[in-house]
Amino acid sequence: MQNRLYDYSPIVDRAPITWPEGNRVAFYVGLNIEHFELGKPSTSINQGTAGLTPDPLNHGWRDYGPRVGIWRMIEVFDRYGIRPSALLNSDVAEQYPQIIEAGLARNWAWLAHGKNNSIVQAEVEADEEAYLADVVTTIEKATGQRPRGWMGPALSETFRTPELLKELGLDYVLDWTADDQPFRLNVPGMLSVPYTLELNDLGIFTAHSVSGPDFVQIVKDQVDQLWADSEHSGRVMSLALHPFVTGQAFRTKYLDQALEYVVNHPGVWTTTTDEIAAHYTATTAAEAQGS
């Protein structure tokens, strides 16, 4: 089946895009803030026990994130003035309200990330409208802001998800990791904003067992290359983080080193996905009207 959600567009054939103040790379941290249902298999560090109920090994590993890891990471974000794009399961509002309070105090951007990370989007296809409405309104009530963006648990969607999200007032999704620039979907008014599987701590640290120093070098290489690529047209760099992974104590100094390099790199706009989407929409619409 052909993907009718967006068209093929080689990056070398597009009109140039720009970022504020002459910056060349828009950088954001995608902070996954998630709740996992006890007794339901999900992201695991050891598949040997993943089917057990309960599964203390894997559930405890995941639960370290909201209990400890995220607070360690917040200290690092604060040091560099980073406002994460919070990819928020709506269940977090009830389960971990202190995290919502911390993000509100720091003016984070809030994106809808499903109800919890034990349910993928295909599992709610039969009643997707009601499910998405509940997720969005729950986050709006908890944060005082209606989310503008969406990322599905495990980057999952149905074929109708972007259309239904647009009806709920959202403007962009992160699920399609197909580009270094935002692009318009074939759902009117909906964008895809770049997210990453490659610069994602779940893959880097748990799937590939990359060391802390190598992680720092990967981040440096990414921003250096995107800066070089962006000589004539802006790029987006995302760093995807999970508190139960990068929030581990022995990784803290490497997160610090990586962020220090990126935020001090010439030509980097440290921002959020909301601001990236809004700027891209406003500037490309103005250019289209002027053409």
Side-chain angles (χ1 to χ4, degrees), residues 23 25-34 36 43-46 57-88 92 96 98-109 113 117 151 177 194-228 235-273:
N23 284 306
V25 177
F27 168 70
Y28 77 91
V29 169
L31 180 62
N32 290 264
I33 307 176
E34 299 163 338
F36 296 86
T43 306
S44 298
I45 196 168
N46 188 326
L57 189 159
N58 288 304
H59 192 85
W61 174 63
R62 296 186 294 258
D63 226 17
Y64 185 88
R67 295 175 66 88
V68 180
I70 194 167
W71 307 104
R72 186 176 286 132
M73 296 171 73
I74 286 172
E75 291 183 4
V76 181
F77 298 148
D78 286 352
R79 194 171 300 135
Y80 297 107
I82 290 173
R83 296 165 46 228
S85 296
L87 314 177
L88 189 71
V92 169
Y96 322 120
Q98 296 92 335
I99 296 176
I100 303 291
E101 292 170 7
L104 288 174
R106 292 163 171 82
N107 193 29
W108 291 356
H113 187 33
N117 256 53
M151 191 182 79
T177 61
Y195 185 67
T196 180
L197 293 178
E198 294 284 352
L199 211 63
N200 187 311
D201 58 0
L202 271 176
I204 288 173
F205 290 127
T206 67
H208 303 303
S209 301
V210 169
S211 71
D214 285 343
F215 166 73
V216 176
Q217 189 60 53
I218 288 169
V219 173
K220 290 181 175 180
D221 290 344
Q222 183 82 350
V223 69
D224 287 347
Q225 184 60 52
L226 288 174
W227 182 87
R235 300 294 195 270
V236 174
M237 176 176 170
S238 58
L239 178 61
L241 302 176
H242 298 74
F244 55 92
V245 179
T246 301
Q248 298 291 334
F250 66 96
R251 294 189 176 116
T252 303
K253 68 178 181 180
Y254 301 112
L255 175 63
D256 189 294
Q257 292 170 19
L259 293 179
E260 180 182 26
Y261 186 82
V262 175
V263 301
N264 290 302
H265 194 290
V268 170
W269 174 35
T270 302
T271 185
T272 67
T273 51

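Worth knowing before you read on, the calculation uses all heavy atoms, side chains too, and leaves out hydrogens, waters and symmetry mates.
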TODO: Scan side-chain atoms only and decide if Gln217 and Asp221 contain a donor-acceptor pair under the 3.5 Å cut-off.
DONE: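 Yes, because at least one side-chain N or O of Gln217 sits under 3.5 Å from a partner of the opposite role on Asp221.
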Is a side-chain donor or acceptor of [X] paired with a backbone partner of [Y] at a separation under 3.5 angstrom?
{"X": "His242", "Y": "Asn32", "result": "no"}
{"X": "Ser85", "Y": "Thr273", "result": "yes"}
{"X": "Arg83", "Y": "Asn107", "result": "yes"}
{"X": "Trp269", "Y": "Tyr28", "result": "no"}
{"X": "Asp256", "Y": "Thr252", "result": "no"}
{"X": "Asn58", "Y": "Asn46", "result": "yes"}
{"X": "Asn200", "Y": "Leu202", "result": "yes"}

[atom1]-[atom2] distance between [X] and [Y], expressed to the nearest 0.5 angstrom:
{"X": "Glu34", "Y": "Ile70", "atom1": "CD", "atom2": "CD1", "answer": "10.0 Å"}
{"X": "Asp201", "Y": "Gln248", "atom1": "CG", "atom2": "CD", "answer": "10.5 Å"}
{"X": "Glu101", "Y": "Arg106", "atom1": "CD", "atom2": "CZ", "answer": "11.0 Å"}
{"X": "Glu198", "Y": "Ser238", "atom1": "CD", "atom2": "OG", "answer": "11.0 Å"}
{"X": "Leu259", "Y": "Tyr254", "atom1": "CG", "atom2": "OH", "answer": "15.0 Å"}
{"X": "Ile99", "Y": "Ile74", "atom1": "CD1", "atom2": "CD1", "answer": "7.0 Å"}

Can you check whether [X] reaches [Y] side chain to side chain, under 4.5 Å on heavy atoms?
{"X": "Thr270", "Y": "Ile82", "value": "yes"}
{"X": "Val29", "Y": "Tyr80", "value": "no"}
{"X": "Trp61", "Y": "Val245", "value": "yes"}
{"X": "Thr177", "Y": "Thr196", "value": "no"}
{"X": "Val262", "Y": "Leu239", "value": "no"}
{"X": "Val268", "Y": "Val263", "value": "no"}

Contact summary for [X] and [Y], nearest pair of heavy atoms:
{"X": "Tyr64", "Y": "Ala249", "result": "OH-N, 4.4 Å"}
{"X": "Ala102", "Y": "Trp71", "result": "CB-CZ3, 3.7 Å"}
{"X": "Val92", "Y": "Ile33", "result": "CG2-O, 3.5 Å"}
{"X": "Asn117", "Y": "His113", "result": "OD1-NE2, 3.2 Å"}

TODO: Could I get the full list of side-chain hydrogen bond (donor to acceptor under 3.5 Å, both in side chains) partners for Arg235, not counting sequence neighbours?
DONE: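 None.
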Task: Arg62 to Phe244 six-membered ring, cation-pi geometry met (6.0 Å, 45°) - done: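 Not flagged: Arg62 not positioned over aromatic ring of Phe244.
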Open item on the list: Ring of Phe215, cation from Arg251 - is the NZ or CZ under 6.0 Å from the centre and inside 45° of the axis?
Closed with: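 Pair Arg251/Phe215 does not count as cation-pi.
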- [ ] Kindly indicate, with the supporting measurements, whether the criterion side chain to side chain contact (heavy atoms under 4.5 Å, CB included) is fulfilled by Val223 and Phe27.
- [x] CA-CA 9 Å; Val223 69; Phe27 168 70; over 6 Å; no
TODO: Sequence neighbours left out, what passes salt bridge (Lys or Arg N to Asp or Glu O under 4.0 Å) with Arg72? Give chain and number order.
DONE: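 Checked Arg72 against salt bridge (Lys or Arg N to Asp or Glu O under 4.0 Å); zero matches.
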TODO: Count the heavy atoms of every other residue, nucleotide or ligand shown that sit under 6.0 Å from CZ of Arg79, and state whether that count exceeds 12.
DONE: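 Atom CZ in Arg79 is crowded, with more than 12 foreign heavy atoms closer than 6.0 Å.
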Open item on the list: Taking atom CH2 as the centre, does Trp227 end up with more than 12 heavy-atom neighbours from other residues, nucleotides or ligands that are less than 6.0 angstrom away?
Closed with: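 No.
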- [ ] Begin from the C-alpha positions of Leu87 and Leu31 and carry the test side chain to side chain contact (heavy atoms under 4.5 Å, CB included) through to its verdict.
- [x] CA-CA 6 Å; Leu87 314 177; Leu31 180 62; 6.0 Å; no
Open item on the list: Under the criterion side chain to side chain contact (heavy atoms under 4.5 Å, CB included), I'd like the reasoning laid out for Leu241 against Phe77: C-alpha separation, chi angles, the key distance, then a yes or no.
Closed with: CA-CA 12 Å; Leu241 302 176; Phe77 298 148; 4.1 Å; yes
- [ ] Please assess Val216 against Tyr261 for the test side chain to side chain contact (heavy atoms under 4.5 Å, CB included), listing each intermediate value before the final yes or no.
- [x] CA-CA 9 Å; Val216 176; Tyr261 186 82; over 6 Å; no
